[in-house]
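Remarks on the structure that follows.
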Amino acid sequence: MDFSFTEEQTLLRNSVSKFLADNYTFEDFKKISRSEKGWKPENWKQFAELGLLAAPFAEEYGGLGGGAVDTMVIMEEFGKALVVEPFVQTVVVGGGFVKHGGSDAQKSEWLGKIAGGETVMAFAFAEPQGRYNFADLKTTAKKNGTNYVLNGQKAVVLGGPWADTLIVTARTAGGQRDSNGVSVFLVDKKSKGVATRDYPTIDGLHASEITFENVEVPAANLLGQADNGLLLIDRVTDEAIAAHASEAVGCMKVLLDATVEYTKTRKQFGVPIGKFQVLQHRMVDMFINYEQSASITYMVTLKLDESDTERAKAASAAKVQIGKSGRFVGQQAVQLHGGMGMTDELNVGHYFKRVTMLDTLYGNVDHHLKRYASLG
Amino acid sequence: MDVTFTPEEEKFRKEVREFIAENLPKLGKTSRREFETREDFIGWHRLLAKKGWAAPHWPVEYGGTGWNTTQRFIFNEESARAEAPILLPFGLTMVAPVIYTFGNEAQKKKFLPGILSGDDWWCQGYSEPGAGSDLASLKTKAVREGDHYIVNGQKTWTTLAQFADWIFCLVRTDSNAKQQEGITFLLIDMKTPGITVKPIIVLDGAHEVNEVFFDNVKVPVENRVGEENKGWTYAKFLLVNERSGIAGVARSKKAIERLKEIGRSELIDGKPLIETEEFTRKIAETEIELAALEYTELRTLAQESKGHNAGPESSILKIKGTEIQQRITELTVEAIGYYAYPYDRSFGDNEYPPGPPYASGQAGHYFNMRKVSIFGGSNEIQRNIIAKAVLGL
């Protein structure tokens, strides 16, 4: 039994956290998030140079041969800094689809590009009616010679404005919610018929509403088997869930530490408010929630390569634990900071917002409780 | 024991309902977002003032309606039912009762009419950077010089001070006395030289609160309410008034109704969300808590109508009322799924964010509503009050 990190993983963490300390303070986050672009392409280049974008890929495809633990390390540090750049969308989701579903040709082409920072991806899966069901698709892709023709609308595509390449889920057969008949495509965002409406999100990211009108996609851009994409989507999004779990843990760490520190210095009634037992116990509960979240993040990260059922259960378990804990830690961090916690000026509210929205991403607590229970 | 309404009371309800139905549409809406301009806040106040209904809780001689507790309850319920704007409490509910209870005749004459009509906008100068829950530790200083006080210091979390004509302030006039015994209650014209208002943006992006700085601000002694150094008595009186009505039962009922509507529109695997057990169960739990709170409030009102002032028990109304309000915002964010993401304030006035209209601004509202367990005496302080004053611990 060993939960320690390898030397390489520790080096990775140190280099990420040093980069972020130098380039991604809270003030940097606000500036980047509120800039016209909403992200900083220069950071993306730096991520590539630091090897972050290559970390989880095999060496034969230009990767560094790491795995989910490397992603966990990176995302925890990213969570602590509120990084907005689309690492999960590009490396974990985009890279994951190519890695698990792609042909050798696709792997050679795309994994190298991702690792080198030459492409930025976004995952267009949600639809206005679909909620958290990946199979509830009105977007269709019809085979027409050597192309597929894509039609439909995708909602809240995180990182959409920055992406050059979209991973799009669409129905190639069956009825609107059938589990068979779902396919996944790589789509060049510049393709004719792709229209986007870009906007900022409440947690400091950017997203797009994207419509596809008779968009021609080469059949060679199909990822995995036609009609059989749902298993692939489940696997890749479970990996994304693990990565975001680690991000949430990073956020909770900052919220917990900031709160403990604040209550040691904030004086009311002549004493630091951290001396009040009622607040002490509240912070102990925040600490317990943080620790439980960190533990379940280890669990899901280590189970990503087990059977589909084991992996899915672990991912849903992580979503439930972290959804609940994130809410508690975030709300209490604001409460214990009093009015200060409500301000845009202080970092606490921003971490609270990020951790809150992460509950929604890929299904909230209710959704994953049900999924967990249904897996037996 | 009887909780039914008499025929007269039902007639009264009808009258209120008809008035609201007839007048609320007159307000019109200038933008997708409400409450961004001074006029948004004041419009309904003016319409009610014209009817003589702006200040039901005031004594009749100053412009109150003379309604009994039940009528006031009915009025609040009907206002919430119609989603009429909430009148700002700073003038009507906070400072006015202090003025008509402790002020002199000249002050009543000078200030009450403007508060009643809505012509004068008031804000509250209580909290300071170092004085939140421990309000009595406030440091803003007023030194007497002839016919004036010279005020120096800083207030914070001052709601909508950017629109205010007047601020009522707790200031320290005796630094040597015990904390609570050196405080004075001053009414200060916001146009006085030396006052600076700086916005504080809160986490949903709203400009709702401010810092207010006082740099050698001259305040006529005639603007002092009551006696010098007795301000804490008036402040406590005001805080109790602030607490009543904070339960917001009728508003929460309406919010649950809205939540159910969203649940009927949102789909989960093709079925309305409201048909799923996990969602309806959570709404039911919230509704039951609200039902209990409604009867707790009615019991308090019944006491009041017999002339017993709401005691420290009224802290229950603040604690449960705000917990329920916050719970409803949590459930609303859960209900709208991915369309919680768009940041509604990034869109122009006449531009709709993506997603269904009911989803717009809901996440921001959830974040914003975290304030209600902090302000007006944090819920921790309310629990302290119950522990000490009710349970005798």
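In what follows, every chain begins at residue 1, and chains take the letters A, B, ... in the order their sequences are listed.
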May I have the step-by-step check of ring pair (Phe, Tyr, Trp, His ring centres under 6.0 Å) for A/Y362 and B/Y338, ending in yes or no?
CA-CA 9 Å; A/Y362 301 125; B/Y338 284 112; 7.5 Å; no
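- Taking 4.0 Å as the cut-off between side-chain N and carboxylate O, B/E351 and A/R197 count as a salt-bridged pair.
- To the nearest 0.5 Å, atom OH of residue B/Y366 and atom OG1 of residue A/T356 are 4.5 Å apart.
- Proximity to chain A is absent for every atom of B/Q179, based on heavy atoms less than 4.5 angstrom apart.
- Considering every non-hydrogen atom in both A/F352 and B/L203, the closest pair reads CD2-CD2, 4.3 Å.
- Remark: B/I374 CD1 to A/L336 CG distance equals 9.0 Å, nearest 0.5 Å.
- Only the side chain of A/Q153 comes within contact range of chain B, with at least one heavy atom under 4.5 Å from a heavy atom of that chain.
- Taking each heavy atom of B/E334 and A/D366 in turn, the nearest pair found is OE1-OD2, 3.8 Å.
- What you find for B/Y341 and A/M357 is that their closest heavy atoms are OH-O, 3.1 Å.
- Listed options B/N384, B/L273, B/T156, B/V209 were ranked by heavy-atom pairs under 4.5 angstrom with chain A; first place goes to B/L273.
- In this structure, chain B has heavy atoms under 4.5 Å from both the backbone and the side chain of A/A155.
- Only the backbone of B/P129 comes within less than 4.5 Å of a heavy atom of chain A; no side-chain atom from C-beta onward does.
- Within a 6.0 Å radius of OH in A/Y372, no more than 12 heavy atoms belonging to other residues, nucleotides or ligands are found.
- When all heavy atoms are compared, the tightest approach of A/Q335 to B/N379 is NE2-N, 4.4 Å.
- Closest non-hydrogen pair, B/S137 versus A/Q268, comes out as OG-NE2, 4.5 Å.
- Heavy atoms of A/L361 lying under 4.5 Å from chain B belong to its backbone as well as its side chain.
- Heavy-atom pairs under 4.5 Å with chain B peak, among A/R266, A/R327, A/E209, at A/R327.
- Between chain A and the options B/A363, B/G355, B/G270, B/S378, heavy-atom pairs under 4.5 Å are most frequent for B/G270.
- When the heavy atoms of residues 279-288 of chain B are compared with those of chain A, the residues falling under 4.5 Å are B/K282, listed by number.
- For a heavy-atom cut-off of 4.5 Å, chain B lies close to A/L279, A/R282 in residues 272-284 of chain A.
- Of the two parts of B/A136, neither the backbone nor the side chain holds a non-hydrogen atom closer than 4.5 Å to a non-hydrogen atom of chain A.
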Starting from the C-alpha separation in whole Å, work towards a yes-or-no answer on side chain to side chain contact (heavy atoms under 4.5 Å, CB included) for B/I200 and A/E345.
CA-CA 8 Å; B/I200 300 174; A/E345 189 191 340; 5.8 Å; no
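- Considering only heavy atoms from C-beta on, A/M340 comes within 4.5 Å of B/W157 through its side chain.
- Rounded to the nearest 0.5 angstrom, B/S346 OG and A/H206 NE2 are separated by 7.5 Å.
- B/D204 is not listed as a side-chain neighbour of A/D344, based on a closest heavy-atom distance of 4.5 Å or more.
- Under the 3.5 Å distance criterion, with hydrogens and angles disregarded, no donor-acceptor pair is assigned to the side chains of B/E266 and A/Q129.
- In this structure, chain A has heavy atoms under 4.5 Å from both the backbone and the side chain of B/I268.
- Side-chain contact between A/R177 and B/D269: present, with at least one pair of heavy atoms (C-beta onward) separated by less than 4.5 Å.
- The shortest distance between side-chain heavy atoms of A/K370 and B/E277 does not fall below 4.5 Å.
- B/Y343 has its side chain within reach of A/I202: a pair of non-hydrogen atoms, C-beta onward, lies under 4.5 Å apart.
- Relative ring orientation between B/F347 and A/Y199 is described as tilted, the plane-to-plane angle lying within the 30° to 60° band.
- At most 12 heavy atoms of other shown residues, nucleotides or ligands fall within 6.0 angstrom of atom NZ in A/K324.
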